[in-house]
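None of the values given here were measured: they were computed from a predicted structure. Within every chain, numbering begins at 1; the chains are lettered A, B, ... in the order of the sequence lines, protein sequences first and strands thereafter.
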Amino acid sequence: MDEIYGQIFQIGFFAAMIRIATPLIFATMGELFAERAGVLNLGIEGIMLLSAMLGFSAAYYSGSLWLGVAVAMAAGIGSGALMGLLTVTLGLSQHVSGIGVTLLNSGLAFFLYRLIFGQPSMPPNIVAFTPVAIPGLSDIPVIGPILFNHHALVYAAFILVPLAAFILFRTPWGLNLRTVGENPHAADGAGVSVAATRYQALMLSGALMGVAGAFLSMAQFNAFTFGVISGRGWVCIALVVFGQWSPWRAAGGALLFALIDALQLRLQASSAIDVPYQVFLMMPFVLTIVGMALVSRNARAPAALLTPFRKEER
Amino acid sequence: MIRMRLERRDSTPTWLNLTLPVLAVLATLVLCSGLVAMAGANVWTAYSKLFLSAIDSRSHIVETFVKAAPLIFTGLAVAVAFRAKFWNIGAEGQLLAGAMAAAFIGGREGLPAWSLVPLMIVAGAAAGGLWACVPAVLRTRYKVDDVVSSLLLNFVIFYGMTALLDGPWKDPLSGYPDSPDILMEAEFPILLERTRLHLGVLLALLSAPLVWWVMRKTSLGFSIRAVGENPVASRYAGISTGAVILMTAILSGALAGLAGVGEVAGLHFQVMSGISPGYGYTGIVIAMLARLNPLGVVPAALFFAVIVTGAESMSRATGVPVFLAEVIQGAALLTMLVALLFTSYRIRIARHG
Amino acid sequence: MSAPTPLLAMRGIGKRFGAVQANRNVELTLQPGDILGLLGENGAGKTTLMNILFGTYSPDEGSIEIDGQPVEIHNSAAAIAHGVGMVHQHFHLVPRHTVLENLLVGRPGRRGLLDKAAAIARLDEIGRHFQLVLDPDRLVGDLTIGEQQRLEIIKALFSGARILILDEPTAALTPQEADGLFDALRAMAAEGMGVIFISHKLHEVRAITSHVMVMRLGEVVANLENAPEVSQGHLAELMCGHELTPPVKPEKKPGRPLLHLRDVATDIRGRTNLAGISLDVRAGEIVGIAGVSGNGQRELAEVIAGMLPLAAGSLEIDGAAVPRPSPNIMQALGMGRIPEDRMGTGLITSLPLSDSMVLPRIGEAPFSRHGILDHRAIRAFVEEQIERFGIKAGGPDIRAGTLSGGNLQKALLARELAWNPLVLLAAQPTRGLDVGAARFVHEQFLDLRARDRAVLLISEDLEEIFTLSDRIAVMYEGRIIGVLPIAEADVRKVGLMMAGMEDAA
């Protein structure tokens with residue numbers, strides 16, 4: 001047991017936790033915007049995967065990591081628009097549309113990767129993002145290395161959470177978006193285009209999910225692998241519920257999940273506990289399900305989540 | 001100004017019902033032809049290889065049926081679940097549960113030889129059904145979204161299974177994480193000599209009409225459909241929606257479990273971590289293509305079995321990555337969804353002065 | 001002297017929905033300062049016409065002019081821009097947001113932020129001008145229905161409405177709140193605005209309007225000044241097109257209580273909880289539950305239907321105690337139930353009609369034996385009911401959602417009456433039905449009464465309550481505030497009880 005505490009109370013551990021949380025925060029914020037507008041975006045896992053792959057490929061061939069991020073975002077925006085076409089314009093089931101987009105994007109990710117890179121004996125990799133220490137702040141004892149010696153995208157995640165909260169609760173666009181998700185008829189009656197707002201929310205959510213994917217294949221790791229997402233997209237859906245559709249709470253949930261994930265990695269490596277490593281891999285998922293069970297009964301989702309908006313139907 | 005509007009239909013003409021999946025598939029193939037071209041291959045050659053290699057010889061046709069068996073089961077599992085709007089994305093995990101149960105029973109010494117096959121079938125179905133109860137209970141008691149829970153549980157059981165296969169259940173004779181072989185007596189009988197056509201294929205083909213009968217001719221099937229279409233009205237009319245969802249989960253999970261049983265007892269004779277290359281997810285696409293009709297699941301499953309088998313040959317012959325099959329899978333689900341719109345709505349073109 | 005330019009002119013408006021001609025060649029003119037009453041039965045086309053004005057629907061024919069200029073209104077943003085505001089029957093509010101947030105939706109911000117200061121200033125101004133006051137930081141979910149309606153009106157004024165449409169605004173108000181509303185409307189008219197007041201309540205229309213337009217079956221049948229010579233009876237005739245003779249209700253001595261409630265209470269978050277309801281509904285009588293919507297009627301109906309749990313009290317059906325009511329048990333004991341929401345709770349609109357009609361007893365003979373359905377028995381039953389009740393449907397296999405409101409109600413009645421219930425609970429049974437369908441429903445209730453069954457009628461339509469009931473019980477804030485035999489009841493007494501005056505009886 002002492003050895004476990006020894007593992008945890010190390011600066012490196014908390015820094016790893018923040019690193020692991022970053023893609024979760026991006027993707028969760030993305031999903032949050034979509035759901036606040038009333039659309040469940042189940043394409044998240046596929047969008048993250050495809051964006052990770054396309055971003056990686058762009059970075060590999062161009063030598064520019066930021067171009068890779070841009071390409072990843074573009075892929076996410078496109079996928080978001082596809083979700084919009086299916087769920088908003090055509091009014092199809094949000095559940096099945098999302099699963100379809102995930103399957104399609106996953107298939108595309110595998111297909112295009114194989115097409116571009118073939119099956120080399122040594123999988124291609126890139127020089128990933130390197131951590132950037134913020135001068136001055138990173139020298140603060142304890143907190144410095146934990147918070148201020150990270151990849152640029154991690155800092156972006158720090159800013160994203162308060163920015164998302166600000167946008168949602170202090171700006172007209174945010175209020176309109178929340179109204180669309182609570183009572184689209186109210187928004188429509190006030191002159192807000194429900195369809196346009198939902199499209200915008202979905203494309204924004206896709207962009208953020210794209211960044212999450214890019215982070216995984218270009219910062220946290222230095223290559224794209226077929227298992228680079230491994231269910232993390234689905235976890236983000238749970239995190240939105242867990243966070244009661246609030247940016248701060250959802251980000252807190254992401255940190256909690258990252259804590260468990262980082263812990264499980266450390267325990268695996270330490271062989272302090274003699275259990276097959278897969279048991280550790282299971283832990284975060286089991287705990288996510290337990291968390292959902294505790295929270296969902298009293299969860300108050302946006303009132304219009306999952307309902308398509310149709311005006312002239314009789 | 002011309003405006004297009006979607007207007008609800010009163011009922012769907014039969015010709016439309018039957019041709020829609022075909023149209024959806026054709027649309028998919030047209031969309032995916034762009035990818036084939038991107039790979040630098042001739043679309044016609046690639047598609048011919050994709051579709052025809054599965055049926056160009058007797059042994060290939062039989063193999064296609066063998067590949068279709070688990071797909072029929074998972075397709076049926078999802079079709080039943082989706083009718084109740086129980087979004088069972090966990091067929092993949094329920095398959096693994098069934099596979100493990102079958103391998104466990106099949107490797108047991110001390111049971112009478114004749115009992116092994118029936119016991120494996122029952123145990124596999126029960127294991128799958130039980131595993132499916134978890135998302136069902138989470139939904140009815142705790143209001144947890146069934147999509148997320150059934151998905152996450154897939155990962156849970158997968159890791160659990162590989163933990164066992166890497167540890168206590170590891171075959172000492174092999175270097176890989178897989179279980180010991182089941183006993184000879186537990187292997188499914190082969191129905192056609194010199195092929196791999198095993199009992200599981202027959203079970204799958206028989207299950208489709210059986211499930212159709214349950215859905216159409218029993219009060220359970222009626223309740224499943226009612227709860228799926230309108231749970232409030234069903235509850236008002238005295239139907240216990242929680243019980244119906246649970247029954248649906250058991251039935252759905254059992255079918256998916258049988259997919260696992262077939263793979264273990266008829267094909268691999270052991271459990272390995274790679275025993276399912278996503279059959280549970282393909283089942284979703286199959287169910288949608290079949291419009292949730294159990295009888296339609298068989299041709300849809302055969303279609304995907306053809307594609308999966310053919311993808312390898314196509315890849316070898318033309319260099320188009322084998323993952324075209326996965327892309328077709330996802331695209332087919334989406335085109336079918338869009339096509340389904342036309343069963344409920346027709347397009348009205350109105351002129352406005 | 002030429003006629004002044006009307007504030008609003010709708011000319012030759014036509015609109016059809018499928019086979020139904022909702023509006024036919026409708027002409028409407030509004031001068032500044034007018035309060036126009038738009039009268040008509042359900043289905044007369046009043047709401048459709050107003051939805052066209054507000055941009056929710058587009059007319060098939062006709063044109064709209066505001067201040068003499070032709071305008072194109074294809075969505076609500078355009079309507080608002082032209083100064084048209086609408087207060088719908090079902091509020092377009094977000095309960096989880098504050099008053100201020102509901103007001104700010106769709107409004108441009110200031111430098112990217114929500115412009116709260118300006119909104120609060122305007123809110124004050126409107127409050128002073130029209131006596132419409134609300135606290136900006138209160139959650140809309142905490143407001144009373146009257147206050148929510150006030151917010152809807154303020155929203156319209158906020159957007160600079162000069163033409164205000166109100167759709168059945170007093171349905172859920174107490175008489176005092178209705179008076180407050182009328183004061184505000186008079187103040188608006190005095191400022192040169194135009195008000196269109198949709199209602200089927202004759203006495204209100206008489207009280208507040210300057211002009212009256214009567215619609216029937218999509219057409220305008222009369223356009224009059226609201227002068228004292230025009231009698232209420234005349235207006236009623238115009239609305240219905242014929243003399244309304246109330247159905248014959250023979251004298252009847254009620255028998256034993258078939259439905260008995262004692263101290264029934266509920267405790268559910270977010271609902272109007274019942275606080276000790278005691279009531280008997282006896283064989284051979286119709287008890288009408290009156291009350292302003294939102295005082296627990298819905299909860300009472302759901303408890304009796306078995307959909308909501310009892311927190312306290314007891315419930316008996318023909319002497320048999322029901323400790324834990326559920327839809328199944330209530331059905332089995334002889335409780336027939338017609339839900340308020342026909343299409344959401346009653347029938348499954350996306351499935352064939354026959355499915356909905358056999359749904360309650362699908363697990364029993366003759367519809368199924370040992371779990372296996374008997375399709376022939378099902379078909380025979382459904383066809384018999386269609387025949388008996390004159391349900392106009394394409395056949396038992398046609399999707400239930402294609403039926404009209406009246407036929408849906410007939411289907412629901414058929415399905416309950418086929419099993420000879422001891423008590424029939426009917427919630428808002430004739431809402432949205434035309435006169436003929438409503439008449440049919442009333443006859444079924446009277447028939448049950450004649451056969452010594454019991455009917456519990458919950459309705460917001462006072463006329464219906466007075467026509468049918470042997471006793472009237474008034475609900476207020478989750479209690480029954482008083483019960484009057486029909487001989488002692490008049491609209492004034494009942495109205496006061498509905499507003500909470502207990503000693504009016």
Next on the checklist: side chain to side chain contact (heavy atoms under 4.5 Å, CB included) for Val134(B) and Ile289(A)? Distances and angles first, verdict last.
Outcome noted: CA-CA 11 Å; Val134(B) 181; Ile289(A) 295 175; 5.9 Å; no
Next on the checklist: Could you walk me through whether Asp145(B) and Val241(A) satisfy the side chain to side chain contact (heavy atoms under 4.5 Å, CB included) test, starting with their C-alpha distance in whole Å, then the side-chain angles of each, then the deciding distance to 0.1 Å, before giving a yes or no?
Outcome noted: CA-CA 9 Å; Asp145(B) 188 69; Val241(A) 176; over 6 Å; no
Checklist entry - Given the rule in the side chain to side chain contact (heavy atoms under 4.5 Å, CB included) test, do Leu35(B) and Leu108(A) qualify, once you have shown the distances and angles that lead to the verdict? => result CA-CA 9 Å; Leu35(B) 290 173; Leu108(A) 279 174; 3.7 Å; yes
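The candidate from Ala238(A), Ser106(A), Ser230(A) with the greatest count of non-hydrogen atom pairs under 4.5 Å with chain B is Ser230(A). When Phe158(B), Phe155(B), Tyr281(B), Phe82(B) are compared by the number of non-hydrogen pairs under 4.5 Å with chain A, Phe155(B) comes out ahead. Ranked by heavy-atom pairs under 4.5 Å with chain B, the first of Gln119(A), Glu45(A), Met282(A) is Met282(A). Interface summary for chain A: among Ile328(B), Leu334(B), Thr282(B), the most heavy-atom pairs under 4.5 angstrom belong to Leu334(B). Listed options Val96(A), Asn105(A), Leu86(A) were ranked by heavy-atom pairs under 4.5 angstrom with chain B; first place goes to Val96(A). Ranked by heavy-atom pairs under 4.5 Å with chain B, the first of Leu112(A), Leu281(A), Val101(A), Thr102(A) is Leu281(A). Contact count against chain B (heavy-atom pairs under 4.5 Å) is highest for His95(A) among Met292(A), His95(A), Met283(A), Arg297(A). Of the listed residues Ile237(A), Leu82(A), Leu92(A), Leu85(A), the one with more heavy-atom pairs under 4.5 angstrom with chain B than any other is Leu92(A).
Summarising the geometry of Trp87(B) relative to Ser93(A), their closest heavy-atom pair is CH2-OG, 4.4 Å, with the distance given to 0.1 Å. Taking every heavy atom of both residues into account, Leu103(A) and Leu333(B) meet most closely at CD1-CD2, 4.0 Å. Between Val322(B) and Arg114(A), the closest heavy-atom pair is CG1-NH1, 4.5 Å. Closest non-hydrogen pair, Gln278(A) versus Ala163(B), comes out as OE1-CA, 3.4 Å. For Gly107(A) against Glu326(B), the heavy-atom pair with the smallest separation is CA-CB, 3.6 Å. Summarising the geometry of Leu152(B) relative to Trp234(A), their closest heavy-atom pair is CD2-CB, 4.0 Å, with the distance given to 0.1 Å.
Neither the backbone nor the side chain of Ile157(B) comes within less than 4.5 Å of any heavy atom of chain A. Both the backbone and the side chain of Leu337(B) come within less than 4.5 Å of a heavy atom of chain A. Looking at Met288(B), only its side chain comes within 4.5 Å of chain A, counting heavy atoms on both sides. Contacts of Val148(B) with chain A are made by side-chain atoms alone, with heavy-atom separations under 4.5 Å and no backbone atom involved. The parts of Val235(A) that come within reach of chain B are both its backbone and its side chain, each placing non-hydrogen atoms under 4.5 angstrom from that chain. With a 4.5 angstrom heavy-atom cutoff, Leu153(B) touches chain A via backbone and side-chain atoms both. Both the backbone and the side chain of Leu324(B) come within less than 4.5 Å of a heavy atom of chain A.
Annotation: Phe226(A) is in aromatic contact with Phe323(B) [ring centroid separation under 6.0 Å].
Between the CG atom in Leu151(B) and the CG atom in Leu42(A) there is a gap of 8.0 Å [rounded to 0.5 Å]. Taking CD1 from Ile89(B) and CD1 from Ile99(A), the interatomic distance works out to 3.0 Å, rounded to the nearest 0.5 Å.
You'll find the side chain of Val320(B) reaches within 4.5 Å of the side chain of Phe111(A), heavy atoms only. Side-chain contact between Leu40(A) and Val147(B) is absent, with no heavy-atom pair separated by less than 4.5 Å.
Annotation for Phe117(A): atom CZ counts as buried by contact number, over 12 foreign heavy atoms lying within 6.0 Å. Few gaps surround CZ on Phe285(A); more than 12 heavy atoms of other groups in view lie less than 6.0 Å from it.
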